[in-house]
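First the structure, in the form of structure tokens, and then the observations on it.
FYI, side chains are in, hydrogens and waters are out, and symmetry mates aren't considered; it's all heavy atoms of this structure. Because the structure is predicted, anything quoted here is derived from the model rather than measured.
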Amino acid sequence: MTSVRPENSSPVLPQAVLWDMDGTLVDTEPYWMAAEHELVAAHGESWSHEDALMLVGNPLTVSAQILRERGGVRLPVEDIVRFLLGRVVEQVRERVPWQPGARELLAALGDAGVPCALVTMSYRELAQPVADRTGAFDVIVCGDEVERGKPDPQPYLLAAERLGVDVTRCVAIEDSPSGIASALASGAATLGVEAVVPVEAAPGLSRAPSLERVDLATLARIVAGDPVDLLAPSELSPR
């Protein structure tokens, strides 16, 4: 039998919210792309914006291998990762480019007592300083701490395990195809927020053009199994 919640009761919030970092929480993708262009140019090759889009959301070792094969970078994978990470960390230390609405949503979740995890394919060297700026994350899962990175579900499953919550009662917030695939495969209710690549419609996937359009009520709807599509044509008009 389907239970009916009284009209005046509060919506049930997620047990936790699991956040991607690059492109979702912070707009660091331009930092990564600039580092890629610099590295490829140093090896006398060219790197297009379309090439850079292929790397969005990948584990760093996967991106490094693509830079070797497609970008002609004649360095070991470990050296490529070290270069890219170093360049992005330098820029984040100067300025953290928060995505619009990110800090406001984190604050609202904190006020509501909803724990948050940061689930990123960036290494802890970069993730920890970003997390420290917010003080909002109970758990951090980084790309150098998992055996299988996104699109495998392991990062999200590990975050839920560390938080002690049921992943199917969590909302994961992502921006990239590989991250969205990882979150959906874990069983988390998933919200795709557009950043540098389009978020294509998919069964069960919620979508938003910006975190500025997302509030606690939106997250409650998503975790209840009611996908929210704020990228649908009827939802794109200003409010």
Side-chain angles (χ1 to χ4, degrees), residues 18-99 117-133 137 139-159 174-183 185-186 192 194-199:
L18 315 175
W19 292 73
D20 173 55
M21 186 175 77
D22 297 291
T24 300
L25 179 68
V26 289
D27 186 19
T28 47
E29 294 298 353
Y31 292 175
W32 290 106
M33 291 179 179
E36 294 158 19
H37 281 280
E38 179 185 351
L39 183 59
V40 171
H43 287 260
E45 303 291 341
S46 60
W47 189 248
S48 69
H49 182 67
E50 289 69 27
D51 290 329
L53 291 178
M54 292 173 52
L55 274 56
V56 173
N58 286 337
L60 284 175
T61 53
V62 173
S63 293
Q65 190 59 45
I66 294 172
L67 283 162
R68 282 172 53 87
E69 296 171 355
R70 191 180 184 93
V73 177
R74 296 174 296 278
L75 290 173
V77 165
E78 295 78 8
D79 290 349
I80 295 173
V81 169
R82 190 177 303 112
F83 175 86
L84 297 176
L85 188 60
R87 281 287 189 267
V88 177
V89 168
E90 286 175 3
Q91 294 181 82
V92 166
R93 284 174 177 162
E94 294 182 6
R95 185 180 74 88
V96 177
W98 303 104
Q99 288 286 27
L118 191 61
V119 186
T120 175
M121 289 298 90
S122 288
Y123 289 4
R124 187 166 288 270
E125 179 182 350
L126 174 59
Q128 192 68 56
V130 172
D132 288 346
R133 295 288 187 94
F137 294 102
V139 162
I140 305 174
V141 174
C142 302
D144 52 342
E145 300 171 351
V146 294
E147 295 178 0
R148 301 181 302 279
K150 302 173 185 177
D152 192 274
Q154 185 187 33
Y156 281 103
L157 293 172
L158 181 58
E174 272 284 356
D175 73 297
S176 69
S178 63
I180 289 169
S182 173
S186 76
E194 285 207 341
V196 299
V197 294
V199 174

Please report the closest heavy-atom contact between Asp51 and Ser46, naming both atoms and the distance.
-> OD2-O, 4.5 Å
Side-chain heavy atoms of Asp175 within contact of Val199, under 4.5 Å | no
Is there a side-chain contact between Pro177 and Val197 (heavy atoms, below 4.5 Å)?
-> yes
Side-chain touch Leu75/Leu67, heavy atoms, less than 4.5 angstrom = no
Between the CG atom in Asp144 and the OG1 atom in Thr61, the distance rounded to the nearest 0.5 Å is 10.5 Å
Please tell me if the side chains of Tyr31 and Leu84 come closer than 4.5 Å, counting only heavy atoms from C-beta onward.
-> no
Leu53 vs Met33 side-chain heavy atoms within contact, under 4.5 Å = yes
Looking at residues at least two apart in the chain, or sitting in another chain, which of them share a salt bridge (Lys or Arg N to Asp or Glu O under 4.0 Å) with Glu45?
-> none
Any side-chain heavy-atom pair from Met21 and Thr28 closer than 4.5 angstrom?
-> no
Which value, rounded to the nearest 0.5 Å, describes the distance between Leu55 atom CG and Arg70 atom CZ?
-> 10.0 Å
Atom CZ in Phe137, atom CG in Leu25: separation rounded to 0.5 Å?
-> 5.0 Å
Looking at side-chain heavy atoms only, is the closest gap between Gln154 and Val141 below 4.5 Å?
-> no
Heavy atoms only: give me the nearest Ala159-Leu18 pair and the separation to one decimal.
-> CB-CD2, 4.4 Å
Main-chain N/O of Ile140 paired to Arg124 side chain as donor or acceptor, under 3.5 Å | yes
Please name the pair of heavy atoms, one in Ala127 and one in Cys142, separated by the smallest distance, quoted to 0.1 Å.
-> CB-SG, 3.8 Å
Output for pair (Glu174 CD, Thr120 OG1), nearest 0.5 Å, gives 8.5 Å
Among Glu94, Glu38, Glu36, find the residue that satisfies the salt bridge (Lys or Arg N to Asp or Glu O under 4.0 Å) test when tested with Arg87.
-> Glu38
Rounding to 0.5 Å, atoms CH2 (Trp32) and CG (Asn58) come to a distance of 11.5 Å
Taking all heavy atoms of Gly71 and all of Val40, pick out the closest pair and write down the distance.
-> O-CG1, 3.5 Å
Below 4.5 Å, heavy atoms only, C-beta onward: do Phe83 and Val73 meet side chain to side chain?
-> no
Heavy atoms of Val81 and Ala64 approach each other most closely as CG2-CB, 3.9 Å
Measuring from Met121:CE to Leu126:CG, what's the distance to the nearest 0.5 Å?
-> 12.5 Å
Quick check: does any side chain N or O of Arg74 sit under 3.5 Å from a backbone N or O of Gly72, one acting as donor and the other as acceptor?
-> yes
Nearest heavy-atom approach of Arg133 to Val92 is NH2-O, 3.9 Å
